[in-house]
Amino acid sequence: MDLGIAGKWATVCAASKGLGRACAASLAANGVNLVINARGAEALEATARDIRAASGVEVITVAADVTTPEGRAALLAARPEPDILINNAGGPPPGDFRDWDEADWIAALRANMLTAIELIKAVLDPMAARGFGRIVNITSSAVKAPIAELGLSNGARSGLTGFVAGLARAVAPSGVTINNLLPGRFATERLAANFAFVARRTGRSVEEVRREAESRIPVGRFGDPHEFGELCAYLCSVQAAYITAQNLLIDGGAYPGTF
Ligand code: NAP
């Protein structure tokens, strides 16, 4: 399927590894030029080289912390009016809520709620003026079914979800869609770090924790980030113009509800 977005520009946050990288790669495979971002310059440059070699699109790198005003300013300066924005940032650390103080909560809100809102604020009106825009926020299945040790994520991402639910409908006539993609468990460094935390806390081996988590997924395996990237690219397509204000789970059937 031709997604109809070749030649457009996407800004993909937190994209040197994992799900962000997969979204960038799938957009590039459909001819979309990229601004990609991460804090670590080395992995970011390596990702940019891989994507350029695989797709031939233009890739601009911005090594910066997207959760800071300076980082976002640098990202926007590289391409002030993208056609597509993929919001992403590292997830907050796992833990027990008794150990978190106000500063921990503010950091989580900044990374997983306010950063996305600030970037949406910067790109939305120019998108609307051009009559086309696609905004995808990478959130988490934790928005639908909370994960006990990820309370900071459960809380902060739910805040973003509530905000987007209102905004996406308000701007729907303009040709800009805003959707949230909710990953279940994908084989990335982040997932491995979460298993290491649970293993330390419960005294079990990381392999045991990993196997148990995998066995709870109806499809019988963790997700491949490429599967996530392809769905993201589709949401950014011209064909997806009628999909907005949605929370799309991609979790191998793990969420146990009927709807
Ligand atoms: P990952 O493999 O650890 O990759 C994270 C990427 O984000 C890296 O490129 C990292 O590069 C970049 N990054 C982190 N913090 C950043 C910051 N402040 N500014 C700019 N770039 C930053 O993680 P992932 O699994 O792809 O997860 C992506 C998001 O999805 C996270 O919020 C995670 O909590 C959420 N999620 C993941 C899963 C899963 O199963 N993997 C499930 C639910 C939700 P640098 O470190 O160099 O900055």
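Indexing begins at 1, ligand by ligand and atom by atom, following the structure's order.
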Atom CE of Met113 and atom CG of Asn137: how far apart are they, to the nearest 0.5 Å? 11.5 Å
Atom 47 (O) of ligand 1 [closest protein heavy-atom partner, distance rounded to 0.1 Å]: Gly40 N, 2.8 Å
Any atoms of ligand 1 less than 4.0 Å from a non-hydrogen atom of Gly18? List them with their elements. 2 (O), 26 (O)
Looking only at protein heavy atoms, what sits closest to atom 37 (C) of ligand 1 is Leu19 CD1, 3.8 Å
More than 12 foreign heavy atoms under 6.0 Å from CD of Glu207: is that the case here? yes
Closest to atom 23 (O) of ligand 1 among protein heavy atoms sits Arg190 CB, 3.3 Å
Can you find a pair of side-chain heavy atoms, one from Val176 and one from Arg134, that are under 4.5 Å apart? no
Nearest protein heavy atom with distance in Å, relative to atom 36 (N) of ligand 1: Pro183 CG, 3.9 Å
Residue, atom and distance of the protein heavy atom nearest atom 39 (C) of ligand 1 read Phe186 N, 3.7 Å
Would you say Val66 and ligand 1 have an N/O pair spaced under 3.5 Å apart? yes
Below 4.0 angstrom, N of the basic side chain to O of the carboxylate: do Arg130 and Asp83 qualify? yes
Of all protein heavy atoms, the one nearest atom 20 (C) of ligand 1 is Asn37 OD1, 3.3 Å
Applying salt bridge (Lys or Arg N to Asp or Glu O under 4.0 Å) to Glu214 and Arg210, what does each step give before you reach the verdict? CA-CA 6 Å; Glu214 196 167 45; Arg210 196 194 69 77; 3.4 Å; yes
For ligand 1, which atoms, with element, lie under 4.0 Å from some heavy atom of Thr67? 18 (N)
With the side chain counted from C-beta on, respond yes when Lys144 and Leu249 share a heavy-atom pair under 4.5 Å apart, and no when they do not. yes
Residue and atom name of the nearest protein heavy atom (relative to atom 16 (C) of ligand 1), distance in Å to one decimal: Arg39 NE, 3.5 Å
So, does Ala43 sit close enough to ligand 1 that a heavy atom of it is under 4.0 Å from the ligand? no
Ignoring hydrogens and angles, tell me if any N or O in the side chain of Glu227 forms a donor-acceptor pair with the backbone of Asp224 under 3.5 Å. yes
Within the 4.5 Å heavy-atom criterion, are Arg72 and Thr115 side-chain neighbours or not? yes
Pull out every atom of ligand 1 sitting under 4.0 Å from any heavy atom of Asp65, numbered as shown with elements. 17 (C), 18 (N), 19 (N)
In the single-linkage hydrophobic clustering (I, L, V, M, F, W, Y; side-chain heavy atoms under 4.5 Å), do Leu235 and Tyr242 co-cluster? no
Looking at Ser16, which atoms of ligand 1 are within less than 4.0 Å of one of its heavy atoms? 8 (C), 9 (O), 11 (O)
Between the main-chain N or O of Ile138 and the side-chain N or O of Asn88, is there a donor-acceptor pair closer than 3.5 Å? no
Could you see which bit of Leu44 sits under 4.0 Å from ligand 1, with heavy atoms only: side chain, backbone, both or neither? neither
Can you find a non-hydrogen atom of Gly184 under 4.0 Å from ligand 1? yes
Determine whether any heavy atom of Thr47 lies closer than 4.0 Å to an atom of ligand 1. no
Contacting atoms of ligand 1, where contact means under 4.0 angstrom from a heavy atom of Ala64: 19 (N), 20 (C)
Give the numbers and elements of all ligand 1 atoms closer than 4.0 Å to a heavy atom of Glu189. 2 (O)
Of the listed options Ala41, Ala89, Ala22, closest to atom 31 (C) of ligand 1 (non-hydrogen atoms): Ala89
Specify the protein heavy atom at minimum distance from atom 6 (C) of ligand 1: its residue, its atom name, and the distance to 0.1 Å. Ala14 O, 3.7 Å
Is there a polar contact, in the sense of an N or O pair closer than 3.5 Å, between Gly90 and ligand 1? yes
Between Leu181, Thr188, Leu152, Val12, which one has a non-hydrogen atom sitting closest to atom 2 (O) of ligand 1? Thr188
Answer yes or no: does an N/O atom from Ser140 fall short of 3.5 Å to an N/O atom of ligand 1? no
Leu182 and Leu248, any side-chain heavy atoms less than 4.5 Å apart: no
Is the side chain of Thr177 donor-acceptor paired with the backbone N or O of Thr244 at a distance under 3.5 Å, no angle test? no
Between Leu231 and Val143, is there a shared hydrophobic cluster once you connect ILVMFWY residues whose side-chain heavy atoms come closer than 4.5 Å? no
Would Pro92 count as a contact residue for ligand 1, given that I'm defining contact as a non-hydrogen atom of the residue lying under 4.0 Å from a ligand atom? no
With a 3.5 Å distance limit and no angle check, can you tell me whether Asn37 reaches the backbone of Ala64 through a side-chain donor-acceptor pair? yes
Could you establish whether Arg157 and ligand 1 come within less than 4.0 Å of each other, counting only heavy atoms on the residue side? yes
For Arg185, the ligand 1 atoms with a heavy-atom partner under 4.0 Å come out as 40 (O)
Which ligand 1 atoms are under 4.0 Å away from a heavy-atom of Ile138? 30 (O)
Within a strict 4.5 Å, meaning less than it, do heavy atoms of the Trp9 and Glu58 side chains meet? yes
Just distances here: any N/O of Gly20 and N/O of ligand 1 closer than 3.5 Å? no
Any donor-acceptor pair under 3.5 Å linking the side chain of Glu230 with the backbone of Phe228? no
